[in-house]
Amino acid sequence: MNTALVDLLVEGLWLTGIGLAIVFAFLLILVGLLTLMSKALTRWAPQDAQPAYPAASTDLAPSLGDERLIAAIAAGVHEHRKRHRR
């Protein structure tokens, strides 16, 4: 094999290794900093009160106003499917 070609391949592998090591080190530092920030926020940030959400309605029957809305949505879906048949 030509020594110039071998030298270029070795140099390319060397640069690839250096690049991968730098990216890996940067990602490790990034994960470490994010973990530290998360721990700092959970330790020193003020605790917000959880908002009280009203209980979800268990009434599944549509009200009178919803019937017109359901009919309008069904008509729109029907028209869309009629226009875009394959």
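Counting begins at 1 with the first residue of the sequence.
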(request) Check the surroundings of atom CD in Glu11: do more than 12 heavy atoms from other residues, nucleotides or ligands lie under 6.0 Å from it? (result) no
(message) Within this structure, what is the CG-CG distance for the pair Leu13 and Leu8, rounded to the nearest 0.5 Å?
(response) 11.0 Å
(request) Supply the atom-to-atom distance Leu30 CG to Leu34 CG, rounded to the nearest 0.5 angstrom. (result) 4.5 Å
(request) Kindly compute the distance separating CE (Met37) from OG1 (Thr35), expressed to the nearest 0.5 Å. (result) 9.5 Å
(request) Go through the structure and list residues passing side-chain contact (heavy atoms from CB on, under 4.5 Å) with Thr3, not counting sequence neighbours. (result) none
(request) Would you mind telling me which of Ile18, Val23, Thr16 makes a side-chain contact (heavy atoms from CB on, under 4.5 Å) with Leu20? (result) Thr16
(message) Please say yes or no: joined through hydrophobic side-chain contacts below 4.5 Å, possibly via intermediate residues, are Trp14 and Ile22 part of one cluster?
(response) yes
(request) Find the distance between CD (Glu67) and CG (Leu69) and round it off to the nearest 0.5 Å. (result) 11.0 Å
(request) Could you tell me the separation between the CZ atom of Arg85 and the NE2 atom of His80, rounded to the nearest 0.5 Å? (result) 11.5 Å
